[in-house]
Visitor: 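The structure's right below; bear with me while I get my questions together.
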Amino acid sequence: MNRKSVLAVAVAAAAATFSAPLLAQTDEQAPGAALGTTGIDRARLTSGTQFNPQISVILDGVYYGASREVHGPAGFDDGHDHGHSHGDAHGLEEGFNLRETEITMTASIDNYLDGVVTLALEGSSGIEVEEAYLLTRTLPAGLQIKAGRFLSDIGYINRQHPHDWLFVDRPLVSELLFGDHGLQDNGLQLSWLAPTPFFSRFGVEVLQGEGGIASQVGEEDFTIVTYDGDTTGAPDRVRWRASNELEDRSGPQLYTAFAKVSPDLGFNHAAQFGVSGGYSNSFQAQEAHSSGRLETWQGDGWFAGVDAVYKYDAGRSFGHGNWVVQGEYFFREIEADYASRVFADGSTLVPSMAGGTDDVFRSRSRQDGLYVQAVYGFAPRWNAGLRAEAVGLTNKSLEANSNRSNFESFDASYRYAAQVSFAPTEFSRLRMQVNLNDYAHDDGDHAHDAWEVMLQYNVSLGSHGAHQF
Amino acid sequence: MLRSLMLLALLVLSPLASALNVVATTTNMAMLSAAVGGEHASVTVLAPPDRDTHYLELRPNMMVALRRADLLVSVGAELEVGWLPPAIQGAGNRRLNPGQPGYFEAAAQVELIDQVPDANRSMGDVHPMGNPHVYMDPVRMADIARTLAEHMGRIEPEHAEVFRANAQAFAERMEALLKRLAARLDTPPGVLLYHKDADYLMRRLDVPVLGYLEPVPGVPPTGRHLNALASELRGREGVMIANPWQSRRGPDFIGRELGFPVHVLPTNVPVGGDVADYEALLEQWVDAATP
């Protein structure tokens, strides 16, 4: 801020300070003035057009326990970790966990735009911008543009923040196909609420492509340093360097489309059905091994899915008797050039298998997943739910098979969950969830069933939250 | 079922008419909009009358109604805050933006009781700007009708005089209603309410409110609170009035312990209800308050 603007701010602040009592006085004298005794502009009590952004903070803590170490389902490591990752339970450690502390600020920017920012404090360190977008409010014909960083409208649960979930954890299909935060990216969305007698909404998104199905590594050097014993016995330091031969791509790289329809079922029932899909013109990944081997994947991909939600409002107090049933299915295919190479000399990478070119090939990976869940309000303020999940019903992974001539196929993995929630008020919730994991392992072994138990608190501070459908 | 069909009929028929397309959040607001708009308004309602407007969940088809609305008539004061803001945002209808004549909040047009500027959540689900249940006061409803007429007149100036005349007629009916209600009351012993949703009516008619079953707004009655109420009011005369969506356990306990007659009354007219239904609704409450 330069000196002039500092001065301007100071003058404005001083003017506001001096004029405030004067304004207040005028209010008292003018009967029926727009400002109530609370000082709140009474012409706009709920609309959220106060000058200050509405701020809400979500606190989310989980106690996590597992009957054994839980490895990710076979075939879903995108060629990065070869199934040795521990990332399945959202990075939950056994014991007490502070999950995302979510800070959301919402305000009208002017009469044309609304602005929304959601920051997530990850655990006890690190800030991630979950969402930061502008949303138009004056386009004609039911059109809206969202610009910035946002959760994509594909599927149903993708758009929800963790505190909206009816279970502690994200469905596997969402996590494994779209990432730990779902499909969350920078870009632009155009949506249209069609003038039909029932709800129908259509949209397209152009996204930068930050990971998952649309990922960018770019051309860079692969370098290793080896120490060979030379003939004199002294270590001989050799630096090997070569291009990874991936192309530099520029964004945007991901294009998605969605359609949602909801028949009018009156006051008590609501259902929504959606189809969505996307195309990525760049899928890139690489994995450097300390042995001096470099694996690269380069190609493109697409995904498509269907989702359905049904809600029943029993009309009793505190959600008693209400039902929410939802399910989603997604399929994704990546067609990629795979190369596994080693250094032939100081600056050339050649296929890693002796005399062969078999470990450089082009192939398709096909994977899918689904979940179905139902939650019932069995008493005022209490609900209980069951969820069944399957991933990899089709499971041709991105991992090269042992001959390195094709991508490998793995078995399907399953997970079952049951939860009970108690919400003392609409601002706080306690939840207990038990998962039974029946995951396939890379070697086809299913004998690693694991039980997980999670105890969660989830509370909101600040402005009164509203939920999307 | 009948209710769903009526809503469906309203949704299907409303685009055909060239009348002012009004979407009301509650059936009371729909009644008021129809009374003021008369033949020049076609009214759709979003929230059914038999449940708590505060805890309603967003339904996608609310956005369909809002998308084509010329005017949204809400209760305001945060009563619909759990579902109306995302419904408006999702509808993408610029006529409903705050500041436009198409956005109307009833509670913003009148003085509210129970304002708690220094509220915090430990006091329950309080509304700092005041009690939102203004629709239970016929006098405030008359004032709201007059400002609503001005709003409608700004959107359709050619019918502004009709709207004003309709609002005036409504106000006169409310004045007469208030006299009838006062005449029916004969030294009321006082009412015990479940929630603070009839305070406007009780204050208007000088009926003492003995207490609330909710320990703080938005929290269902606890055993300790019910026992405290029972011991505090033992030996007193009174009546218990609850709403259809609330659990009967608390009210029945009070009825048993204190011998209060227990009434379960709606606070909104039926879907499609008119001024006569509204008058009947308030008469029902007054009759219940007079044992």
Side-chain angles (χ1 to χ4, degrees), chain A residues 34 36-49 108 111 114 135-144 191 193 195-201 260 262-270 272 311 313 315-320 322 380-381 424-427 461 464-469, chain B residues 1 3-5 7-8 11-12 15 47-48 50-52 55-61 63-64 67-68 74 76-86 88-94 97-99 103 105 107-109 111-112 115 117 121 124-125 128-130 132 218-220 244-247:
Chain A
T37 50
T38 54
I40 295 163
D41 179 352
R42 297 236 320 271
R44 322 160 169 175
L45 294 180
T46 65
S47 53
T49 51
S108 304
N111 55 331
D114 285 339
L135 184 66
T136 60
R137 55 190 301 155
T138 54
L139 292 188
L143 292 168
Q144 274 188 319
S191 72
L193 186 61
T196 45
F198 56 89
F199 176 87
S200 59
R201 182 165 173 263
K260 298 173 196 298
S262 170
D264 188 356
L265 303 174
F267 292 131
N268 298 337
H269 308 267
Q272 180 178 280
K311 292 188 186 181
D313 182 349
R316 284 186 267 175
S317 57
F318 303 104
H320 186 196
N322 291 2
R381 305 195 284 174
T425 67
E426 61 188 301
F427 307 104
L461 287 64
H464 206 304
H467 290 278
Q468 303 286 344
F469 178 72
Chain B
M1 190 62 197
R3 205 177 293 129
S4 316
L5 285 175
L7 177 78
L8 201 69
L11 284 175
V12 171
D50 60 348
R51 66 201 68 179
D52 196 339
Y55 289 98
L56 206 64
E57 288 205 38
L58 179 66
R59 279 175 286 113
N61 279 285
M63 297 175 219
V64 177
R67 184 196 188 288
R68 55 170 175 246
S74 67
E78 290 192 344
L79 185 68
E80 301 105 333
V81 74
W83 51 277
L84 190 57
I88 296 174
Q89 197 174 56
N93 180 348
R94 52 184 167 178
N97 281 341
Y103 183 82
E105 284 185 21
Q109 319 303 327
E111 198 63 41
L112 303 185
Q115 299 189 2
R121 287 277 163 68
D125 191 8
M129 64 276 289
V219 173
W245 58 83
Q246 286 148 351
S247 159

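Model, not experiment: these values are computed from the prediction. Letters A, B, ... are given to chains in the order of the sequence lines, protein chains preceding strands, and every chain is numbered from 1.
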Visitor: Side-chain contact, heavy-atom cut-off 4.5 Å: B/Val219 with A/Glu426?
Guide: no
Visitor: Checking A/Leu193 against chain B: side chain, backbone, both or neither under 4.5 Å from a heavy atom?
Guide: both
Visitor: Between A/His269 and chain B, with a heavy-atom cut-off of 4.5 Å, which part of the residue counts as in contact: side chain, backbone, both or neither?
Guide: backbone
Visitor: Evaluate the side-chain contact (heavy atoms from CB on, under 4.5 Å) criterion for residues B/Asn97 and A/Thr138: first the C-alpha distance (whole Å), next the side-chain angles of each, then the deciding distance (0.1 Å), finally the verdict.
Guide: CA-CA 8 Å; B/Asn97 281 341; A/Thr138 54; 3.7 Å; yes
Visitor: Under a plain distance cut-off of 3.5 Å, with no hydrogens placed, do B/Asn93 and A/Arg137 share a side-chain donor-acceptor pair?
Guide: no
Visitor: Under a 4.5 Å heavy-atom cut-off, does chain B meet the side chain of A/Pro140, its backbone, both or neither?
Guide: both
Visitor: In sequence, state the C-alpha distance, the side-chain angles, and the governing distance for B/Met63 and A/Phe199, and then conclude on side-chain contact (heavy atoms from CB on, under 4.5 Å).
Guide: CA-CA 7 Å; B/Met63 297 175 219; A/Phe199 176 87; 3.7 Å; yes
Visitor: Is A/Phe267 close to B/Arg59 at the side-chain level, that is, under 4.5 Å between some pair of heavy atoms?
Guide: yes
Visitor: Please find the pair of heavy atoms, one from A/Gln144 and one from B/Gly90, that lie closest to each other, and give the distance.
Guide: OE1-O, 4.2 Å
Visitor: Among A/Ser191, A/Pro195, A/Ala270, which residue has the highest count of heavy-atom pairs closer than 4.5 Å to chain B?
Guide: A/Pro195
Visitor: Can you see whether B/Asp52 engages A/Ser317 through a side-chain donor-acceptor pair at a distance of less than 3.5 angstrom?
Guide: no
Visitor: Please report the closest heavy-atom contact between B/Gln89 and A/Asp114, naming both atoms and the distance.
Guide: NE2-OD2, 3.3 Å
Visitor: Is a side-chain N or O of B/Asn61 found less than 3.5 angstrom from the main chain of A/Phe198, in a donor-acceptor match?
Guide: no
Visitor: How about A/His467 and B/Leu58: do any of their side-chain heavy atoms sit closer than 4.5 Å?
Guide: no
Visitor: Indicate yes or no for a side-chain donor-acceptor contact from A/Arg316 to the backbone of B/Gln246 under 3.5 Å, with no hydrogens or angles considered.
Guide: no
Visitor: Do any N or O atoms from the side chain of A/Asp313 and from the backbone of B/Leu56 form a donor-acceptor pair under 3.5 angstrom?
Guide: no
Visitor: Where does A/Lys311 contact chain B at under 4.5 Å (heavy atoms): side chain, backbone, both or neither?
Guide: side chain
Visitor: What heavy-atom pair brings B/Trp245 and A/Gly315 nearest, and what distance separates the two atoms?
Guide: CB-O, 3.2 Å
Visitor: By a 4.5 Å heavy-atom criterion (distance strictly below it), what part of A/Phe318 contacts chain B: side chain, backbone, both, or neither?
Guide: side chain
Visitor: Tell me whether A/Arg381 contacts the main-chain N or O of B/Pro220 through its side chain, where contact means a donor paired with an acceptor under 3.5 Å.
Guide: no
Visitor: Show your reasoning for whether side-chain contact (heavy atoms from CB on, under 4.5 Å) applies to A/Asp264 and B/Val64.
Guide: CA-CA 9 Å; A/Asp264 188 356; B/Val64 177; over 6 Å; no
Visitor: Answer with side chain, backbone, both or neither: which region of A/Gln468 has an atom nearer than 4.5 Å to a non-hydrogen atom of chain B?
Guide: both
